[in-house]
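Note sheet for the following structure.
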Amino acid sequence: MELRIDERKKIAFPRISYYNYAIRYIVEQAIGAQFIQLPPATKETDELGTKYSPDYACAPFKHSLGSLIEAVESGADILVETGGLCRLDYYGELQKEIIRELGYRCEFINLAEYMGGKKKEWLKLARKINPKMNPAKLLTGAYEGIKMAEYMDEIREMYYKNAGFEEVPGSFRKVYQQFLLEMQIAESSGEIKAGYQKAKQAMNELPQHIPENPVKIGIVGEYYTIMDEHSNQNLEEKLIRLGASVYRFMSVTNCHFRAREETLRPRIRDYAQFSMGPTTTWTVNSALDYARKGFDGIVHVKSFGCTPEMDAIPVLQNISRDYHIPVLYLSYDMQESDTGLDTRLEAFYDMLERKKKVIR
């Protein structure tokens with residue numbers, strides 16, 4: 001039997017929630033390279049990132065650096081740092097130097113250098129990775145990968161809005177995990193759409209026992225930590241287990257395709273007349289929206305030392321005062337224990353539940 005060697009370049013990105021499934025699809029189906037799919041992050045991932053990070057670096061820097069080190073040790077030829085909306089845009093260069101100093105010899109691509117660039121620059125980058133790449137297939141595969149991200153955001157929203165009221169324990173979780181598994185291995189737009197439709201229908205048909213006036217909690221905050229379950233210690237999962245209906249506006253779909261930061265600023269001018277940072281407008285707008293819709297509470301999430309979200313806190317305090325809506329502030333670095341978070345969330349939920357009973 002002839003032994004066939006996979007000559008495709010092996011590419012890896014830092015972990016960020018389920019979005020790596022969409023990135024995997026674009027890398028393999030659009031570019032024609034091989035994607036290094038890392039297992040879920042562990043304590044060792046955090047320790048690696050922390051060990052080699054500067055003291056002043058934020059938690060997202062440490063998480064992503066730990067991922068990149070594990071990726072190159074798994075055989076990645078090319079490491080890609082996606083950058084971010086804040087100083088993470090500058091971190092790619094620093095991470096590249098750290099990787100080099102550790103003795104790893106691999107190519108490093110910092111996508112922050114291409115943000116805002118022309119399409120031909122992205123095409124040139126894709127050709128660098130795979131000279132035989134088909135431009136038409138690149139466009140089609142990229143679109144399908146973006147569509148997958150939108151589908152995953154929609155199903156996630158359904159899950160956290162409804163799973164706290166399921167009649168059969170674990171029924172929503174089972175559907176959600178199966179959907180993510182199908183997205184992880186999808187190889188065509190047909191498989192992506194079929195998985196999405198099946199999950200949506202299944203969730204709509206699952207039996208629920210929804211209270212007459214359920215506790216509704218909105219989550220706002222810093223871009224990376226709010227979206228990555230490992231980074232926020234499965235915050236949303238913990239809240240639905242307490243019985244809350246959980247909402248989060250911050251997602252790739254909303255923040256990159258539906259609600260540009262500059263379009264939201266007029267909505268919050270009574271509380272913030274100027275942009276205070278990359279995610280602050282989304283944070284304030286979401287909090288104000290939840291308050292006006294009568295939500296019971298807001299959870300503000302940020303990584304330790306995140307300056308834009310620190311600036312947002314006084315504004316959130318004003319919204320809390322004006323609309324009588326409690327806000328729980330959570331700041332993450334590289335915590336290893338869930339005990340403190342569990343206690344704070346339980347106390348916050350109990351307070352919201354008692355407040356509803358008094359008002360009722």
Side-chain angles (χ1 to χ4, degrees), residues 15-26 28-29 35 37-41 140-141 143-219 226-258 286 290 293 295-296 299 345 349:
R15 300 176 179 90
I16 177 166
S17 189
Y18 48 64
Y19 293 116
N20 285 83
Y21 303 153
I23 295 172
R24 188 273 312 172
Y25 187 90
I26 293 172
E28 296 190 348
Q29 302 302 322
F35 184 77
Q37 181 68 66
L38 296 170
T140 301
Y143 171 80
E144 292 169 354
I146 291 171
K147 197 65 184 176
M148 179 194 288
E150 292 178 347
Y151 285 152
M152 290 190 293
D153 283 339
E154 182 179 342
I155 296 299
R156 179 206 62 81
E157 186 176 325
M158 289 183 63
Y159 173 66
Y160 287 112
K161 179 181 176 180
N162 298 294
F165 314 121
E166 60 189 9
E167 288 189 2
V168 180
S171 57
F172 270 85
R173 185 69 180 171
K174 183 178 180 180
V175 172
Y176 186 52
Q177 289 182 320
Q178 178 61 32
F179 166 69
L180 292 180
L181 176 61
E182 292 178 10
M183 295 302 101
Q184 183 178 354
I185 62 175
E187 295 185 351
S188 68
S189 60
E191 292 179 357
I192 294 172
K193 189 172 183 179
Y196 158 72
Q197 291 176 333
K198 183 174 72 172
K200 187 174 183 178
Q201 180 178 351
M203 285 192 180
N204 283 327
E205 293 175 352
L206 287 174
Q208 299 179 68
H209 178 69
I210 303 177
E212 182 179 346
N213 196 12
V215 173
K216 296 170 68 175
I217 298 175
I219 301 180
I226 198 175
M227 293 194 294
D228 185 66
E229 298 92 342
H230 178 73
S231 300
N232 62 43
Q233 297 176 283
N234 294 296
L235 169 65
E236 291 170 292
E237 193 71 29
K238 293 177 186 295
L239 287 173
I240 61 173
R241 288 176 188 169
L242 291 172
S245 184
V246 180
Y247 295 72
R248 168 166 63 80
F249 176 81
M250 184 75 76
S251 68
V252 166
T253 299
N254 287 335
C255 298
H256 288 283
F257 306 122
R258 293 183 182 171
S286 297
Y290 297 142
K293 289 180 178 178
F295 275 51
D296 301 290
V299 177
L345 293 180
Y349 179 83

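Scope of the values below: all heavy atoms of this structure, side chains included, with no hydrogens, waters or symmetry mates. Given the structure is predicted, the values throughout are model-derived calculations rather than measurements.
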Item to check | Working for side chain to side chain contact (heavy atoms under 4.5 Å, CB included), residues Leu242 and Lys238 | outcome: CA-CA 7 Å; Leu242 291 172; Lys238 293 177 186 295; 5.8 Å; no

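- Looking at Met148, Arg156, Met227, Met183 one by one, the single match for side-chain contact (heavy atoms from CB on, under 4.5 Å) with Tyr18 turns out to be Arg156.
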Item to check | Trace of the side-chain hydrogen bond (donor to acceptor under 3.5 Å, both in side chains) decision for Gln201 with Gln197 | outcome: CA-CA 6 Å; Gln201 180 178 351; Gln197 291 176 333; over 6 Å; no

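- Atom OH in Tyr176 sits 15.0 Å away from atom OG in Ser171 (nearest 0.5 Å).
- Note that OG of Ser251 and OH of Tyr19 are 4.5 Å apart. Values are rounded to the nearest 0.5 Å.
- Residues passing the salt bridge (Lys or Arg N to Asp or Glu O under 4.0 Å) test with Glu166: none are found, sequence neighbours excluded.
- At distances below 3.5 Å, not a single donor-acceptor pair connects side-chain atoms of Thr253 with backbone N or O atoms of Asp153.
- No donor-acceptor distance shorter than 3.5 angstrom exists from the side chain of Arg241 to the backbone of Glu236, with no hydrogens or angles considered.
- In terms of modelled atom types and a separation under 3.5 Å, the side chain of Asn20 and the main chain of Ile16 share a donor-acceptor contact.
- Counting only distance, with no hydrogens or angles, the side chain of Gln29 and the backbone of Tyr25 share no donor-acceptor pair below 3.5 Å.
- Although no hydrogens or angles enter the test, the distance criterion places a donor-acceptor pair under 3.5 Å between the side chain of Asn162 and the main chain of Met158.
- A donor-acceptor contact shorter than 3.5 Å is absent between the side chain of Asp296 and the backbone of Ile217.
- By the 4.0 Å N-to-carboxylate-O rule, Arg24 lies close enough to Glu28 to be salt-bridged with it.
- Remark: the Glu237 side chain and the Tyr159 side chain contain an N/O donor-acceptor pair separated by less than 3.5 Å.
- Using a 4.5 Å heavy-atom threshold, the side chains of Met203 and Phe172 count as touching.
- The ring pair (Phe, Tyr, Trp, His ring centres under 6.0 Å) test applied to Tyr151 returns Tyr196, not counting sequence neighbours.
- When all heavy atoms of Gly141 and Ile26 are compared, the pair lying nearest together is O-CG1, 3.9 Å.
- The main-chain N or O of Leu38 is never found under 3.5 Å from a side-chain atom of Arg15 such that the two would form a donor-acceptor pair.
- Taking both residues in full, the closest heavy atoms of Phe295 and Gly218 are given as CD2-N, 3.6 Å, listed atom of the first, atom of the second, then distance.
- The minimum heavy-atom distance between Ala22 and Gly145, with the atom names listed, is CB-O, 3.4 Å.
- Side-chain contact of Glu182 with Gln178: a donor-acceptor pair under 3.5 Å is present, judged by distance alone.
- In this structure, the side chains of Ile219 and Leu239 come closer than 4.5 Å at one or more pairs of heavy atoms.
- Annotation: the span from Tyr160 atom OH to Tyr247 atom OH amounts to 15.0 Å, rounded to 0.5 Å.
- A salt bridge between Lys147 and Glu150 is present, with a side-chain N of the basic residue lying under 4.0 Å from a carboxylate O of the acidic one.
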